[in-house]
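Below is one structure, written out as structure tokens; comments come after it.
Just so we're on the same page: letters track the sequence lines, and every chain starts at 1. Because the structure is predicted, anything quoted here is derived from the model rather than measured.
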Protein chains: 2
Amino acid sequence: MSQTDTVHRILDAAEVLFAERGFTETSLRTITSTAGVNLAAVNYHFGSKKELIQAVFERFLTPFTEILNRELTRRGAASEPLQLDDLLQSLYRVALAGLASQGRDPKRFMRLLGLAYTQSQGHLRRFIVSRYGDSYRRFAGQLAAALPHVDPVTFYWRLYFMLGATVFSLSSFDAIEAILREDFGAESSLEETLARLAPAAVAMLTAPMPGVGSGQVPGASAPRGSTGDNR
Amino acid sequence: MSQTDTVHRILDAAEVLFAERGFTETSLRTITSTAGVNLAAVNYHFGSKKELIQAVFERFLTPFTEILNRELTRRGAASEPLQLDDLLQSLYRVALAGLASQGRDPKRFMRLLGLAYTQSQGHLRRFIVSRYGDSYRRFAGQLAAALPHVDPVTFYWRLYFMLGATVFSLSSFDAIEAILREDFGAESSLEETLARLAPAAVAMLTAPMPGVGSGQVPGASAPRGSTGDNR
DNA sequence: CAACAATTAAAACGCTCGTTTTACCCGGAG
DNA sequence: CTCCGGGTAAAACGAGCGTTTTAATTGTTG
């Protein structure tokens, strides 16, 4: 009861339905009837559908970036020997487990993130960039600092490759998992998949440089105290 | 004029608009007015909006898979020493250049492919799988054969990582390129990006295995007569 | 030229959408 | 008790959607 209840019910229903069908394909009527509240409640509490979409993302992204920032700070202070593989995997795990511990499904989060990229909702992109752009840049900067021998342009392209691999595969996790289970009878947990994804991402970030003869300096791509030699 | 003209004008307009805004966000009225044809022409020539969407993809995917199949056959017959990096990059280049030579913008194609994955158009997914599933499986099989030491489940996850990196980054090519140009003043062509993407994908496919101690056998990931030693 | 089928044009239909309006409920302050 | 304001409920609004129907216009063929 009370205000909070209606707001939460709407957010919960919207989160699930958006992740399943996308934004434009999910009507406010479907959301409110799923949530068991009146149609007008969305406009009353959130103002508009756009603002509801943003609220759904805010509920995911705010704790996510907080956890991420905390972890980055912790690692920065410890100044441990850079182990890119371990760094990435623990980031994945900490951030997603943090979400899960607050009752937010990490797979659904990734699915929504994938939608945010591809469903050209201009307002959503602007909202996310303005609100969480700093966290993103901090993460990217820290990663770049761990790869000093990769030139900036190559690094950023690889960062996008990595984001693509992550968002794409995790946002379709259930579908991919179902296929693999049918074909090989092997079940994959999200944790397992992250354990596969992290070394793959590292390998991509530290791959030998493209272009004519200018391969990177041998040994430079594997940071001292190296993670995996991606031979 | 004549039938073909109207059909082509509709396809051209739909292709551009779908790539820009997505499927549900693009109305038939926008398409037909952009194409300069009557609204009813879509239903007359294509039957429905769904079938128009499929027709747009067919015009891309049929030549694309034909070129891909031809290239796979050629390489299979030549039985050259497996050079994964070279294989992938030439596949990328041949397939996309082949499209370009037929007047179909490769970037737009990638953008549409990205949309097909994320905009849950059930009919479209079914259409693509039933029509082009064989080509996809052939490509995946050939790639898997080149990586005998990677267990099947890991291979397929990495294949999805690779597809994610490819589709995601190429479908947002213009946006990413604009950012990098602003930040570093460096222009990136599609060709250049493919030259960056191929080695990154290979590094991901051949990365050391996850899990406890069971890294792959050293040297095994780099096929004999190897491409670049991705040290 | 006449007749016919294919195509285009214009208008309307029925439906769903996001949003707004209006009325109603109900708990706490004066 | 009265009043009042935050919240809910129900209904309606106007716009846009995909599709269909009905007419007009072509172009081709006998």
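- The side-chain hydrogen bond (donor to acceptor under 3.5 Å, both in side chains) check on D151(B) picks up T154(B), with sequence neighbours excluded.
- Atoms NZ (K49(B)) and P (dC17(D)) sit 8 Å apart, rounded to a whole Å.
- Residues meeting the side-chain hydrogen bond (donor to acceptor under 3.5 Å, both in side chains) test with Y156(B), sequence neighbours left out: none.
- In this structure, CZ in R59(B) is found 10.5 Å from CG in L112(B), a value given to the nearest 0.5 Å.
- Distance, R21(B) CZ to dC17(D) C1': 15 Å, rounded to whole Å.
- Qualifying side-chain hydrogen bond (donor to acceptor under 3.5 Å, both in side chains) partners for Y92(B), counting only residues two or more places apart in sequence or in other chains: T166(B).
- Atom-to-atom, CD1 of I31(B) to P of dG18(D) comes out at 8 Å; the value is rounded to the nearest Å.
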Show the atom names and distances, to 0.1 Å, of all donor-acceptor pairs under 3.5 Å that link a side chain in residues 47-54 of chain B to residues at least two apart or in another chain.
{"residue": "S48(B)", "atom": "OG", "partner": "E51(B)", "partner atom": "N", "Å": "3.3"}
{"residue": "S48(B)", "atom": "OG", "partner": "E51(B)", "partner atom": "OE1", "Å": "3.0"}
{"residue": "K49(B)", "atom": "NZ", "partner": "F23(B)", "partner atom": "O", "Å": "3.0"}
{"residue": "K49(B)", "atom": "NZ", "partner": "T26(B)", "partner atom": "O", "Å": "2.7"}
{"residue": "E51(B)", "atom": "OE1", "partner": "S48(B)", "partner atom": "N", "Å": "3.3"}
{"residue": "Q54(B)", "atom": "NE2", "partner": "H123(B)", "partner atom": "ND1", "Å": "3.1"}

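- Residue T26(B) is classed as a sugar-phosphate contact, given heavy-atom separations below 4.0 Å to backbone atoms only.
- In the model, S135(B) has no side-chain atom that pairs as donor or acceptor with a side-chain atom of T65(B) under 3.5 Å.
- Scanning for ring-ring contact (aromatic ring centres under 6.0 Å, His included) contacts around F109(A) gives F60(A), F64(A), with sequence neighbours left out.
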Tabulate below the donor-acceptor pairs under 3.5 Å that side-chain atoms of residues 180-187 of chain B make, not counting sequence neighbours, or state none.
{"residue": "R181(B)", "atom": "NE", "partner": "E177(B)", "partner atom": "OE1", "Å": "3.2"}
{"residue": "R181(B)", "atom": "NE", "partner": "E177(B)", "partner atom": "OE2", "Å": "3.4"}
{"residue": "R181(B)", "atom": "NH2", "partner": "E177(B)", "partner atom": "OE1", "Å": "2.8"}

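- Between dT8(D) and H45(A), a contact under 4.0 Å exists linking OP1 or OP2 to a side-chain N or O.
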Nucleotide by nucleotide, nucleotides 10-16 of chain C touches protein heavy atoms under 4.0 Å in the pattern (B base, S sugar-phosphate only, - none) B-B----
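- Comparing the end axes of the helix from dC1(C)-dG30(D) to dG30(C)-dC1(D), each fitted to five base pairs by superposing C1' atoms of four pairs onto the next four, gives an inter-axis angle of 20° (nearest 10 degrees).
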Polar-atom pairs under 3.5 Å, protein N or O versus N or O of nucleotides 22-25 of chain C: list them with distances, or write none.
none

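- Contacts of F155(A) classified as ring-ring contact (aromatic ring centres under 6.0 Å, His included), with partners at least two apart in sequence or in another chain: none.
- Checked against side-chain hydrogen bond (donor to acceptor under 3.5 Å, both in side chains), T34(B) has no partners two or more places apart in sequence or in another chain.
- Among pairs with a residue in residues 88-103 of chain A, none fulfils salt bridge (charged side-chain N to carboxylate O under 4.0 Å, His left out), at least two apart in sequence or across chains.
- Taking side-chain N and O atoms only, T6(A) has a distance below 4.0 Å to OP1 or OP2 of dT8(D).
- In this structure, F46(A) atom CZ and dT20(C) atom C1' are separated by 18 Å, rounded to whole Å.
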